[in-house]
Each structure stands twice: as structure tokens, then as C-alpha cells.
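Below is one structure, written out as C-alpha cells, with a few remarks after it.
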Amino acid sequence: MASFYRLKKLLNIYQCTHILQRPFTKSNLSTLSSTPISPKPINTLPSISQENSRIIYRLVYIFTKNLDSSKTQELDELGSKITTSIVENVLGKIKNWRKAHLFFNWAKNQEGYFHNCHTFNIMAECLSGVRQIASMRSLVNDVVKFQCCFTPHGLGFFIRCLGSQGLVNEANELFDHMKRMGLCVPNSFTYNCLLDAISKGGDVGLIELRLKEMCSYGWELDKYAYMPVLQCYCNARKFENALVVFNEMHEKELVDAHVLSILLVSFSKWGKVDKAFELVERIGDLNISLNEKTCFVLIHGFVREGRTDKALQLLDKMKKMGFVMDISVYGVLIEELSRNKEIEKAMQLYEDMNVSGIRPDIKILSDLISCVRDERDMIRILEGRYENLDRKARMLLYNSVLKRLINNVSTDKAYQLLCASACLDSGSDFNEDNLFPVKELACPNTVSFELVIDGLCRADRLELALSLFREMDHIGCKRSVLLYNNLIDSLSRSGRLNECYELFNEMKQSEFQPTHYTYNSIFGCLCRQGDDAGALSMVKEMRVHGHQPWIKYYTLLMQKLCKDGQAVKASNFLADMVQEGYLPDVVSYSAVINGLVKIKQLDEALNLFRGICARGYCPDVVAYNIIINGLCKDKRVLEAQDFLDEMIDKGLAPSVVTYNSLIDGWCKTGDVDRAIVYLTRMTEKEREPNVITYTTLIDGLCNSGKPDDAIRLLVKMETNGCSPNRITFMALISGLCKCGKPDDALIYLHEMERKDMKPDPSIYIVLIDAFIKNTNPNEACDLLQKVVRDEFLQDLNSKSRPILKEAILSLSVDPRTSSNVKILLEEGPLTALCNFSEIG
DNA sequence: ATAGGGTTAG
């Protein structure tokens, strides 16, 4: 009872028993007590008189064989004598549904005759069997129109027929109508049938409503009440509710293989593979067994979810249960295992198939070949199959072998096999090769060449690929667009533009017209080379043929031009594209705007930004970042903040980069407090500060004379799980030096050394300089001795050189260090660099 | 059988 309470709870009913009145009287209680499971109406026909037999015989004869006007009179006569029992008999004997229906409608119109519940049901069963939806609807109308009385069982059967054809509303309305008009007193069987019909439509609310009604009569729910509810919850993906129903059924020992399969198949459909398998494992305890069909559905479902592990386990169970295996189960499993490169398992299944005498089909064989470990396995799979296969199948297998070799980077082997099969000279002897027998499998076709040529291109064997392509003509193998495209793309990646154009022109003359891929390959080559004029003329050609230039290529061109300081040229290119009718992507505009920023043409950048906005573009976060960064670098931080507000207004979420730029902006304009405000704002907005954020601030704090805050921030970033990098340390070291704290700085230099981070040479110079200014020439001298080597001096930037020179000068005149510096100068490198003739 | 691009720190 506890579980029943749970379903009731689910339905939100506790004491509904009293709410609805029982629709039956004492007299028909007996009907309710028995709820037969058989859906068929039980026809206990009285024995048929001789006269009736004659009528039945004539009617069947006329309606199946000879329905023409000559029979009008006889029909009139027969019509006056028919009874429901006669009609039932006749309907049962007319096999053709159209003729049966015709007879049914004829009978309906006979004076004094009325169909009853049984004749309606025979007709309904017949019509639902042949899916005559419209006729069934008119049957429902007749039931209502003639106010036909139904037994509870009869109505249940009728409703189930309606449900099976998806006439859920009709079933539901008829049920209510019959009940309301007192034409039928539904019992639990009728309700069960109604639940079944509703479950076909999947209306969870409706089925719950009907279930509540049933509960309100105090009926004990049986298997046939639970099953449609379970099905309905399953179809509606109401996982928890389905489980409540299932568990309740289990407690009442109502679960059988069919119930189980409803739940299992749903679990697998929902991707709840583990749940499904758990249930499979529990089946032994439930003392029921799975049927074959459910297992197959489950295995397919598991594989679809990528759970070959569970699928294989289930397969194993099936074998133990003695089920006969299906090739399709092996097919899906081997396909998935091959894709996942689970070679051992795939081969194991293959062996299994051989043992159980299931012949693998071509798909399975080529899946296997695509994943085998080595050539031996390949041969093992192909062995004995050469003769039995047709040409097409052999071709497929042959190409699978090539594909496997190419994917295994055995490009040479694939090339040699292809040459051997095509009687081309590969420049090496293939006779001794393991794969020699495969050579006979098929004569290479276009796909074979596509595979090998693509492999050669990817292996950077472009010459070989090109010569193989040329050979195709000689052996009469058709080329393809794919071949041209791959070769042109490879040539373009090698910067061999002229050859690209040769093949391109050859294509234009051939039956293989260039595609957008062809155009873009060449376009990409021009962009990589920074050839804006060439790229533009290709854009024009693409325009003619209706192809789109790929964003990534013209963005690349933009970046290339900008890197060369030609942002204006880049900007013009995009304007030309617009002229051609293309709308360049925001990303390419961003690249140009950034290029303008980098050559200090900030106002040009702003103009371009505003220009594209005016033309309807919606710049994204990165585009805003570029503008904000540009303004910050130009110390126009307030304007940058305006852009920040603008992007937030547009619903764009500022990124870490946005905040970093603004923080840097305030730091560089000497307002480190405002910068710190952004740090807190970032945490509020769940934008985790990164190493750049902290480094920027550490630098800023030192420059504002707050070295202690800088050190505190370094500790904070580490506790926040952000590790400082060499740039952070270098910023801190030079920052502390600027603040006259070289002793503290030295600590972090040692920390860097401990972490195997190599500071820039200039850091040492900064430290040496700071120690001298801090009147600690000995420490400065020690550092100098430590680092001065040839390569150190070579790497030193021009800014540091005069400082170093000054430092040496200072140390050499200081009595505490002069002798050491002299020794150092005598060693060579410093003298040459600094040209200290005046020191003497 | 065809991509995934532009931004921040010393």
C-alpha cells in the first residue's frame, strides 16, 4: 500500500475517493468485479436457424460477389429480416474490408434494424486493422447518433481500436459521452482501454486525470492500468514519474518482460545507459527474462550513446542466454569500435562472427580494415574473399585498404600498392610485400587516386602527387574536382602560385569546374603572400561566379598588411570588397582597426569603428577591446571608459582583456587607485583576474611609489591560484629598484632563479644601477661579475648600455670596488663594448 | 570534402 500511496501522491490525490460519486449501481457491480484481459468481445452466439443460415449465405454471396442492381429486390427482402446476430456472422465472413464496410452501412439503413455494440466492434476492429481513419470517425458518429448501448467491455474494445489509430480525442470524448448519457457504465477494463488509447497520444495530464478518476472509485490498479501510464511517462521523458510507476508495479509483482522493455528502451533513448544496464543486471532478481528484440534495441541504443562497453556486456549476456545473433548488432558494434580504434574488441567480434557462422557484409569488412593493427590482420580479413565478391565490393575493400594505409601514415606503401595494381612504375619492387595479394583485389578507380594523392599531399610529397595525377590519364582513370582542389590547395600552401593557376585554368577548360574551394585556395595563397592587388582581382572573379571569399584568408591579409605598417592599404582593401558587394566580417575590420592603433592613427581607427557601426555592424567584445586598448595606450582613459559603458549598454560582457586595458590605462596615467577599483569590479562580475591583470597592477603600484602594495599583490595573486610568470617578476624587480629597494628586488631575482626563469639582461643592469644608487657598490659589483659574459652583452638592449657604462665608471672610481672592476675589465668583453679608454 | 579568424602585462 505504501507504494500505491506514492503514485497517488504523484497524482496529487489523497482522499479523492469521496469526491466523485461512483457511477455504478448495485445491479451492475458484478460486471465491475471481473475485468477480462482479452480485448475481443465474447460472442456467445445462439445457434443459428436454417432460415438465418440461408440469409447469411445470400448476404455474403451478394456483397462479396455480385452487388449489382439486379439484386435490389432480394436485398430489400433480406434487409427486413436481418438481426445483429446475422450481421455479426456476415461481417465475420466478408474478408474484404471495403465490402464489409459497404455491408455494414447497408445494414445500418434497414428499417427496424440497429447495430449493437458487437457489430460496431467487429467493424471497428476491421477498419483499424486497415487504418481507415476517416471511416472510423464516422463509425464513432454512428455510435453517438444511434445511441447504441455498450457493455463496459465492448466500449473498452472500441476505444482501444480508436486509440490504436491515434484517435485519442475521439476515444476520450466518446468515453465521456457514453458515461454521461448512461449508454455505458465503464468498469476498470474500460478505463484501462482508455488509458491505453491516451498513452498513444502522449498527453500526460489527461492520463493522470483519468487515473485519478479510477482511484476515486477505489479500484485497485492492475498491470493493464499501469502499463499505459508507464509508457506515457516514458514517452514524455518524465523519468522520475516513470520510475514511481515501475517501482510500484514491481512491488505488486506486475513487472514482466514487456513492462521491462518499455522502461529499458526509454532509458536507452534518453541516453541513461548506466541506469538501463543497472536494470538489466537486476533482471535476474526480478525473475523475468529479456526478449531478443529488446536486447537488440538496447544494444543499438547503447552504441548510439557511445557506450560500447555496456553494449558488449549485453551482447555477452545474450550469448549466454542462447539468443541467435543478428548481423546488424555486429555491424553497429564493429562500426563504433572501429571509429574508436578499439581494434582488439572489433577483431574479437569478427572472430565471434566467424565462429557462429555469420557472414560479415562489405560494410563490416571495410570498417574492420579501417582500424586493423597491421597488414597481417588486413590480409586475414581479406583472405578467401577475393573470389566471392562482386566488382563493386572488391573495389570498396581495396579502397578501405588504401585508406587504412594512408591514415597509418604508410603513404609510401599505399602509393606502391596503387602503382602495382595500376601497372605503374613506383620506383620500387612490390613483389616481396606483405600486401602483394591485395594488388589483385581491384583496379584502382578515381577514389583510390583521391585517397593516395591526398595522402601524398598531406605527407608533403607534392611532386609525387602531381606525377601520379598526370598518370591517371594514361591508364584511363577519370579525374575529379576533389583531386584538382586538393592539388591546388597543396600548391597554394607551398606558395607555388603559378602552378596553382595552371591547374586552375586546366579545370576551367575541363568538365571539372572550379568550386568555391578552388577559388579560395588560390585566394588564400595571395593573402598569405600579402598580395592585396592579386587578392582583390580574385575577389572580383569570385564575385562573377557567386562564391564567398573566406574570412580567415582576408583577415590574414589584413594582419599581414598591418604588420608591415600598411593598415591604410588594408583598410582600402576592405573598402574595395564592399565596392564589390561583399560585407567583410567584423573580425577583419578588427584586425585593421588594431593595425591603425598600432601605427598611432587612433582617430582613423575610431573613424573606421564608428563607420562600420553606422553601416549596421555590431562590433563584438574583441573589437571594443581593441578600441579601448588604443584609447588607454593614448592616455585617453576617460574616453575608453565611455566605450566600456557603451558596450555594456549593448549587452556585451566586458572580458578580462577589457578590464586589463583599462587597468593599464589608469596605471599609466598615474591613477593606480582607479585601477584597483577595476580589480574589485572584476571579481564582482566573475571575471577572474589573470596574470596580466596582476602584472599590470604590480607595475603600476611600483611606479606610484607603493612597493609594499605591489609585494602584497604578488602574495594575493598566488593565494588566488594565479602563478606569477617571468614578466611579473621582472616588473616587480625593476619596480622595486625604481623605488630604491634593490635588496627586496634581489630576493625576487633569486626566486626567479629558483623557478628556472631567465630574466632579461636589462634586469641585472637595473639592479646594479639601483645598488650603486643605494650606496651598496659591493653588491653591484658582485652582480656584475656574475652576469658579464659575451652573450649577455650581446643580448643587452640599447637602453641598458649607457646605464651599464655609467655603472662601471662609478664602480671603477669607488675605492671599495675599483680593484675588482679592474680585473673584470682586463678579462676583455666589457672593455671592447664600452670603449673605456678614458678610464686608464 | 572543405576554416574558425581579430584584443591585454615588463
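Residue numbers start from 1 in every chain, and the chains themselves are labelled A, B, ... in the order their sequence lines are given, proteins ahead of strands. Please read all numbers here as calculations on a predicted model, not as lab measurements.
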Inset, instruction - Take atom CE of A/Met558 and atom P of B/dG6, then tell me their distance rounded to the nearest Å. - result: 13 Å
Legend entry - Contacting residues from residues 525-554 of chain A, given that a heavy atom lies under 4.0 angstrom of DNA chain B: A/Trp550, A/Ile551, A/Lys552
Inset, instruction - Kindly indicate whether the side chain of A/Ser590 and the base of B/dG6 share any N or O donor-acceptor pair separated by less than 3.5 Å? - result: yes
Inset, instruction - May I ask you to decide whether A/Lys773 forms a salt bridge with A/Asp769, counting only side-chain N to carboxylate O separations under 4.0 Å? - result: yes
Legend entry - Rounded distance in Å - CG (A/Leu713) to P (B/dA9): 17 Å
Legend entry - Check against side-chain contact (heavy atoms from CB on, under 4.5 Å), A/Asn486 and A/Glu450: CA-CA 9 Å; A/Asn486 277 343; A/Glu450 285 171 354; 6.0 Å; no
Legend entry - A/Lys560 bridged to A/Asp564 by N-O distance under 4.0 Å: no
Legend entry - Residue A/Glu753 excluded, over 12 heavy atoms near CD under 6.0 Å: yes
Legend entry - Ring-face cation contact, A/Phe469 with A/Arg479, 6.0 Å cut, 45° max: yes
Inset, instruction - Could you check which residues of residues 679-707 of chain A get a heavy atom under 4.0 Å from DNA chain B? Sort them by number, please. - result: A/Ile692, A/Thr695, A/Thr696, A/Asp699
Inset, instruction - Indicate, with a heavy-atom threshold strictly under 4.0 Å, whether A/Asp454 touches base, sugar-phosphate, or nothing. - result: nothing
Legend entry - A/Lys668 side-chain N/O to B/dG10 phosphate OP1/OP2 under 4.0 Å: yes
Inset, instruction - First locate atom CG of A/Leu767, then atom NZ of A/Lys786, and finally report the distance between them rounded to the nearest 0.5 Å. - result: 9.5 Å
Inset, instruction - Would you mind checking if A/Asp367 and A/Lys363 are paired as a salt bridge, meaning a charged N to carboxylate O distance below 4.0 Å? - result: yes
Inset, instruction - Could you tell me whether the phosphate oxygens of B/dG6, OP1 or OP2, come under 4.0 Å of any side-chain nitrogen or oxygen in A/Asn594? - result: no
Inset, instruction - Could you tell me whether A/Arg681 and A/Glu684 have a side-chain N and a carboxylate O separated by less than 4.0 Å? - result: no
Inset, instruction - Could you check whether A/Ile626 gets within reach of a base, just the sugar-phosphate, or nothing at all, counting any heavy atom under 4.0 Å? - result: sugar-phosphate
Legend entry - Derivation and outcome, side-chain contact (heavy atoms from CB on, under 4.5 Å), residues A/Trp550 and A/Met542: CA-CA 11 Å; A/Trp550 285 352; A/Met542 285 165 106; over 6 Å; no
Legend entry - Nucleotide nearest A/Val657 (side chain, heavy atoms from C-beta), chosen from B/dG5, B/dG10, B/dT8: B/dT8
Inset, instruction - Would you mind classifying the nucleic acid contact of A/Asp620 as base, sugar-phosphate or nothing, using non-hydrogen atoms under 4.0 angstrom? - result: base
Inset, instruction - Name every residue in residues 734-755 of chain A that has at least one heavy atom under 4.0 Å from any atom of DNA chain B, in order of residue number, or write none if there are no such residues. - result: none
Legend entry - Protein-nucleotide distance (A/Ile627, atom CD1; B/dT7, atom P), rounded to Å: 13 Å
Legend entry - Of the listed nucleotides B/dT7, B/dG10, B/dA1, the one nearest the side chain of A/Leu482: B/dA1
Inset, instruction - Please confirm whether A/Tyr589 and A/Tyr617 have ring centers closer than 6.0 angstrom. - result: yes
Legend entry - Residues A/Arg493 and A/Asp460 bridged, charged N to O under 4.0 Å: no
Legend entry - Under-3.5 Å donor-acceptor pair between A/Asp585 side chain and B/dG6 base: no
Inset, instruction - Record whether the side chain of A/Asn725 comes under 3.5 Å of the base of B/dA9 through a donor-acceptor pair of N or O atoms. - result: yes
Legend entry - A/Lys633 side-chain N/O to B/dA9 phosphate OP1/OP2 under 4.0 Å: yes
Legend entry - Lys/Arg-Asp/Glu bridge criterion (N-O < 4.0 Å) met for A/Asp708, A/Lys741: yes
